[in-house]
> 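First the structure, then my questions, so here it is.
Every chain is numbered from 1 and lettered A, B, ... according to where its sequence line falls, protein lines coming before strand lines. Fair warning: this is a prediction, and the values are worked out from it, not measured in the lab.
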Amino acid sequence: MAIRVFYFTYFPYFCILFSITNMLELKISHCVAEAVSQLYAIKMEAKNITLQKTRKEFEGDFTVAVFPFVKASRKAPETTASEIGNFIKTNLDEVEDFNVIKGFLNLQISKTYWINFINSNNIDNFGFKEIKDTNPVLVEYSSPNTNKPLHLGHIRNNLLGWSVAEILKANGKQVVKVNLVNDRGIHICKSMLAWQKWGNGETPETSGLKGDHLAGKYYVLFDKYYRAEITEMIANGIEKEVAEKQSSLIKEAQDMLRKWEAKDKATIDLWEKMNGWVYKGFDETYKRLGVDFDKIYYESNTYLLGKRIVDKGLTDNILIKKEDNSVWADLTADGLDEKLLLRGDGTSVYMTQDLGTAELRFNDYQASQMIYVVGNEQNYHFDVLKLILKKLGYSWADSIYHLSYGMVELPAGKMKSREGTVVDADDLISEMETTAYEKALELGKIDDFESEEAKQLYYTIAMGALKYFILKVDPQKNMMFNPSESIDFNGHTGPFIQYTHARIKSLLRKADWKVNCDLNENISFLTKEKEIIRIIHEYPSIIMQAGENRSPALIANYAFELAKEYNGFYQEIPVFKEENEDLKNFRLVLSAFTANVLKSAMGLLGIQVPERM
RNA sequence: GGUUCCGUAGCUCAGUUGGAUAGAGCAACAGCCUUCUAAGCUGUGGGCCACUGGUUCGAAUCCAGUCGGAAUCACCA
């Protein structure tokens with residue numbers, strides 16, 4: 001996005017650089033600041049002046065609440081607002097009129113401004129900033145374990161991570177999408193051991209199971225036998241805690257982990273074989289979800305990292321060693337606890353590895369920021385991670401940002417793999433497709449579709465519904481998913497917005513319309529039309545906010561607002577019946593612009609919009 | 001018990017840095033297809049913004065406390 005130099009004629013030393021995206025708002029803010037300075041001799045920073053959208057029930061486009069100025073003006077709020085309004089009207093071309101209600105100054109933007117806005121911005125990448133060639137932002141997301149298939153919680157993670165990455169790109173950031181695959185450890189050995197013991201050589205091919213589901217099956221099987229063994233041991237009078245540690249199964253799994261770490265050939269072969277199945281399964285799910293990665297880190301390569309960092313921390317007396325040789329970070333002075341970094345036997349823990357991988361990826365990319373999309377159950381972990389890195393003196397510690405998102409809850413509570421209450425990702429996507437198919441059939445939507453196009457449409461709508469359902473919720477909040485009430489296709493949903501887009505496209509096809517973006521300035525538009533323009537005008541600033549807050553929800557709710565407004569227009573105002581060619585052209589341009597922005601916004605969420613549905 | 005996050009309509013959610021009479025969708029009810037796609041539009045009903053106090057011209061929003069829920073405080077990841 002080009003940075004534009006701009007200055008006020010009446011206030012020449014306001015020669016400010018800023019992005020074009022919210023130029024109008026900035027101009028108005030500056031003008032208000034100048035007004036109160038000249039009228040009441042008070043200094044006010046333009047950025048401290050709150051400019052809001054005028055509420056629908058009042059006339060105007062932007063509103064300034066003048067209450068903060070009445071002390072200085074020593075006049076009634078109404079008078080103060082009128083005086084400021086007059087100042088703005090005479091000094092700012094874009095503002096053609098104003099009205100005052102109580103202490104609220106409602107400004108009306110000139111038609112010329114809106115028309116120029118449409119004429120010069122109706123382009124494909126409207127609202128996007130040009131990507132600058134600087135140090136990239138890393139976004140880590142997904143980060144699955146290779147012992148079980150993905151579930152609804154992972155879906156939220158993947159959709160969030162992918163979308164946030166796209167939103168950052170739209171904000172001009174260079175982005176690297178990173179996945180850190182947890183492919184080793186005791187939980188992986190559990191699946192391996194169970195398969196070895198009870199699998200009879202079963203493979204994805206022989207079983208017809210997707211590789212990740214096959215591995216998950218044996219993970220569950222391990223747990224079943226493990227619990228049975230413990231139950232039996234308890235019956236024989238052994239304490240539960242003791243039984244859990246003495247169980248022959250867990251000992252075998254631990255033994256397998258030791259063999260893996262010793263690079264025992266047979267163990268490594270088995271590990272590679274089973275992980276291979278899982279990756280194939282994951283790839284399929286990722287593809288259906290439409291997410292991708294620029295770089296995949298494997299924990300089997302990184303799990304030994306971090307020890308060197310810890311050693312250095314010891315030498316520098318930042319970390320402490322206890323008598324059993326374990327190494328700790330004492331964070332009690334910062335209100336946190338002591339954190340273990342190396343066990344007495346010198347092996348590392350999760351935190352140690354994360355210290356190491358943070359340094360690794362910083363060095364790999366010279367990242368300007370490292371975002372971790374990880375559930376809010378790990379808030380403490382990331383607080384500690386940042387703090388330790390800071391204590392160890394890494395300048396980039398502050399560039400770590402934990403994008404913490406809330407859990408997906410079921411009516412029965414949290415999802416638990418072992419209790420079989422998880423909503424499987426693959427199953428859910430398939431169910432959504434079936435629902436989309438049934439719905440389309442019921443509505444007679446696909447009667448003239450080729451089978452391939454119809455199939456594509458079910459997928460598009462199914463994913464639109466699913467992705468929108470998840471992304472419209474503020475990331476940091478927990479969200480509820482009720483499997484018995486399938487995700488809606490009407491109302492505040494993805495398909496609603498997709499439908500609006502398809503409708504516009506149909507309109508444009510029928511119009512056999514040739515692009516004429518040079519709108520005639522003499523047209524007059526109706527309230528509904530102006531409202532659509534105003535919403536479109538907001539898009540660049542919504543992208544910025546979504547980037548700053550790392551929140552696809554802002555984009556999602558914005559797209560709904562625009563689609564809803566457009567549908568109202570579509571219902572009430574006919575396009576083809578309009579005899580005035582300039583007006584007809586304007587409505588088509590407005591429709592096309594709306595379709596563009598809907599497509600763009602949904603694109604940031606990873607949602608396709610169909611040409612017809 | 002300590003720390004953090006959350007509490008808005010029957011349900012699911014908006015409400016960005018304090019601003020006008022708190023908004024959508026779903027569900028319920030009543031309308032709108034010889035007219036650009038009815039997966040749409042219009043209307044009705046539905047609220048002590050958990051509670052109490054404070055800050056100020058003004059609080060769902062900021063502060064403190066209370067109550068309710070969640071997460072976390074592992075030599076698991």
> If I take atom NZ in residue K386(A) and atom P in nucleotide U4(B), what distance separates them, rounded to the nearest angstrom?
16 Å
> Under a 3.5 Å cut-off for both contacts, is G65(B) paired Watson-Crick or G-U wobble with anything, and if yes, with which nucleotide?
C51(B)
> So what does L336(A) touch, heavy atoms closer than 4.0 Å: a base, only the sugar-phosphate, or nothing?
nothing
> Stacking check: are the rings of F104(A) and A20(B) less than 5.5 Å apart at their centres and under 30 degrees in tilt?
yes
> Report the distance from atom NZ of K439(A) to atom P of U37(B), rounded to the nearest whole Å.
21 Å
> Would you jot down, in residue-number order, the residues of residues 477-485 of chain A having a non-hydrogen atom under 4.0 Å from RNA chain B?
K477(A), N478(A), M479(A), M480(A)
> Let's test this: given Watson-Crick or G-U wobble pairing with both distances under 3.5 Å, identify the partner of U3(B).
A71(B)
> Does the ring center of W260(A) lie less than 6.0 Å from the ring center of Y303(A)?
yes
> Just to be sure I understand the rule, does N549(A) reach a base, reach only the sugar-phosphate, or reach nothing, if contact means heavy atoms closer than 4.0 Å?
nothing
> Tell me the partner of C76(B), counting only Watson-Crick (N1-N3 plus N6-O4 or O6-N4) or G-U wobble (N1-O2 and O6-N3) with both under 3.5 Å; none if nothing fits.
none
> Would you indicate what I573(A) reaches in the nucleic acid, counting non-hydrogen atoms under 4.0 angstrom: base, sugar-phosphate, or nothing?
base
> Could you tell me whether F104(A) and F67(A) have their ring centroids closer than 6.0 angstrom?
yes
> With a 4.0 Å cut-off on heavy atoms, is K71(A) in touch with a base, just the backbone sugar-phosphate, or nothing at all?
sugar-phosphate
> Does N106(A) get its side chain close enough to the base of A20(B), under 3.5 Å, for a donor-acceptor pair?
yes
> Can the ring centroids of F496(A) and Y499(A) be said to lie less than 6.0 angstrom from one another?
no
> Both distances below 3.5 Å, Watson-Crick or wobble geometry, any strand: find the nucleotide opposite G25(B).
C11(B)
> Taking only the side-chain nitrogens and oxygens of R503(A), find out if one of them lies under 4.0 Å from OP1 or OP2 of A38(B).
yes
> At less than 4.0 Å, is any side-chain N or O atom of R587(A) found next to OP1 or OP2 of C36(B)? Yes or no.
no
> Can you give one letter per nucleotide of nucleotides 71-77 of chain B, going 5' to 3': B for a protein heavy atom under 4.0 Å from the base, S for sugar-phosphate only, - for none?
SSS-BSB
> In whole angstrom, give the distance that lies between atom CZ of F560(A) and atom C1' of U12(B).
13 Å
> Using a 5.5 Å cut-off between ring centres and planes within 30 degrees, is F67(A) stacked on the base of G19(B)?
yes
> Given A14(B), G19(B), A20(B), which nucleotide is nearest the side-chain atoms of V473(A)?
A14(B)
> Does U42(B) have OP1 or OP2 under 4.0 Å away from a side-chain N or O of K528(A)?
no
> Taking the six-membered ring for Trp and the full ring for Phe, Tyr or His, determine whether the centres of F382(A) and Y372(A) are under 6.0 Å apart.
yes
> Would you mind calling C41(B) syn or anti? Take O4'-C1'-N9-C4 for purines or O4'-C1'-N1-C2 for pyrimidines, and syn is within 90° of 0.
anti
> For F496(A), answer base if it contacts any base atom (sugar-phosphate contacts may also be present), sugar-phosphate if it contacts only those atoms, and nothing otherwise; contact means non-hydrogen atoms under 4.0 Å.
sugar-phosphate
> Can you measure F58(A) atom CZ to G19(B) atom P for me and round it to whole angstrom units?
15 Å
> Check the distance between U16(B)'s C1' and Y558(A)'s OH and give it to me in whole angstrom.
16 Å
> Starting at CD of Q476(A) and ending at P of C13(B), how long is that distance when rounded to a whole Å?
14 Å
